[in-house]
Amino acid sequence: MVSTDVMMDAVESDRRVSPLKNFLAGGVGGVCLLLAGHPLDTIKVRLQTQQCVVYRGTYDCLRKTVSKEGIFGLYKGMGVPLAGVTPMMALNFFGFGLGKELLQSDPTVPITNTQIYLAGMLAGVFTTVIVAPGERIKCLLQIQTSASQLKYTGPVDCALKLYKEQGIRSVYKGTVLTLIRDVPSNGVYFLTYEYLKKFLTPEGESVHHLSTSRVLLAGGIAGMLNWLIALPADVLKSNYQTATDKRYRGLRDVLKTLLREEGAHALYKGLSAVMLRAFPANAACFLGFEVALKCLNYIAPDW
Ligand SMILES: CC(=O)O[C@H](CC(=O)[O-])C[N+](C)(C)C
């Protein structure tokens with residue numbers, strides 16, 4: 001079992017983490033997040049965007065996808081996140097670190113929960129530049145269920161077709177909904193993680209020496225709370241980004257149409273798939289981040 005305690009105490013302190021280390025360790029966290037979470041993300045998007053009842057729930061969608069398309073059906077659309085999630089999470093942890101620096105003028109005074117929340121929100125703004133087009137392409141690829149419906153052969157083909165057909169606006173379709181989804185939830189994400197880390201640290205011990213299982217627990221719960229806040233906007237975003245241009249007259253129309261056609265519970269479509277994915281994916285992400293940070297501190301303590 002990997003332990004986050006394995007590196008020397010000497011490299012641990014409360015001094016600020018350099019932006020470069022946050023960026024690199026965040027990238028490692030992103031890779032871990034993707035490997036642990038993508039199969040359930042595919043199920044989530046399929047459940048959220050089905051126009052008639054094809055899948056009765058998470059397990060039904062998993063079973064049908066694997067029997068029709070094989071295990072790789074669950075990894076459809078992974079090209080974009082693979083290229084996008086590493087810089088996205090790198091930017092996320094970088095933005096969070098930067099936000100903390102900007103808000104906490106005196107590093108010797110403990111950072112407040114409000115400052116942590118605002119720093120997390122700032123990181124959510126940073127990541128939208130990458131997340132909005134990435135999600136547009138990923139969702140379009142994920143809803144292609146059979147070879148006969150294949151409009152796009154892969155992420156690059158999809159990006160090029162969107163750009164050729166309607167320009168950069170089409171590639172960035174859904175940016176406002178991505179901001180609505182990610183800015184407040186990202187604040188909750190980091191606030192929960194930091195709060196739980198402190199809460200789970202035994203008295204008299206340092207938060208930097210938290211056991212692997214506690215880092216996993218804090219990260220997993222942070223991921224679940226993040227999604228509890230983000231899911232309604234995520235449902236609207238996935239529907240908007242995968243719809244033909246004529247289906248909705250604007251963002252408000254996405255909400256009105258969804259409420260009219262499917263009722264309020266549609267805003268929490270795919271909840272069990274989301275929660276099933278959120279815990280392991282984000283537990284893996286934060287553990288990857290913490291281990292990478294310790295390695296970087298060990299290799300280059302003075303950076
Ligand atoms: C909404 C979202 O994408 O959440 C990210 C983690 C995940 O489960 O994919 C985390 N966050 C955007 C908060 C960095």
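Read the numbers this way: they start at 1 and go in the same order the structure lists the ligands and their atoms.
Contacts between Asp234 and ligand 1, counted as non-hydrogen atom pairs separated by less than 4.0 Å, are absent for every part of the residue. The proximity of Asn282 to ligand 1, defined as any non-hydrogen pair under 4.0 Å, is limited to the side chain.
Annotation: atom 5 (C) of ligand 1 to nearest protein heavy atom, Asn226 ND2, 4.0 Å. Residue, atom and distance of the protein heavy atom nearest to atom 9 (O) of ligand 1 are Arg277 NH2, 2.8 Å. At the shortest separation from atom 1 (C) of ligand 1 among protein heavy atoms lies Trp227 CZ2, 3.3 Å. Atom 10 (C) of ligand 1 has Tyr189 CZ, 3.9 Å as its closest protein atom, hydrogens excluded (heavy atom only).
Remark: ligand 1 atoms within the under-4.0 Å shell around heavy atoms of Asn92 are 14 (C). Applying the 4.0 Å criterion to heavy atoms of Asp182 picks out, from ligand 1, the atoms 1 (C).
Aromatic ring pairs are classed by plane angle as parallel below 30°, tilted from 30° to 60° and perpendicular above 60°; the pair Phe94 and Phe126 is tilted. Below 30°, between 30° and 60°, or above 60°: for Phe93 and Phe286 the angle between ring planes is above 60°, a perpendicular geometry.
Within the 4.5 Å cutoff, side-chain heavy atoms of Tyr152 are placed close to those of Leu162. In this structure, the side chains of Val45 and Lys138 come closer than 4.5 Å at one or more pairs of heavy atoms. Pro110 has its side chain out of reach of Lys198: every pair of non-hydrogen atoms, C-beta onward, lies at least 4.5 Å apart. Between Leu98 and Phe23, the closest side-chain pair of non-hydrogen atoms is not below 4.5 Å.
For the residue pair Arg136 and Ser170, a side-chain donor N or O sits within less than 3.5 Å of a side-chain acceptor on the partner.
Remark: among candidates Thr178, Asn186, Leu33, the nearest residue to atom 13 (C) of ligand 1 is Asn186, based on non-hydrogen atoms.
Within the 4.0 Å heavy-atom shell around ligand 1 one finds Arg181.
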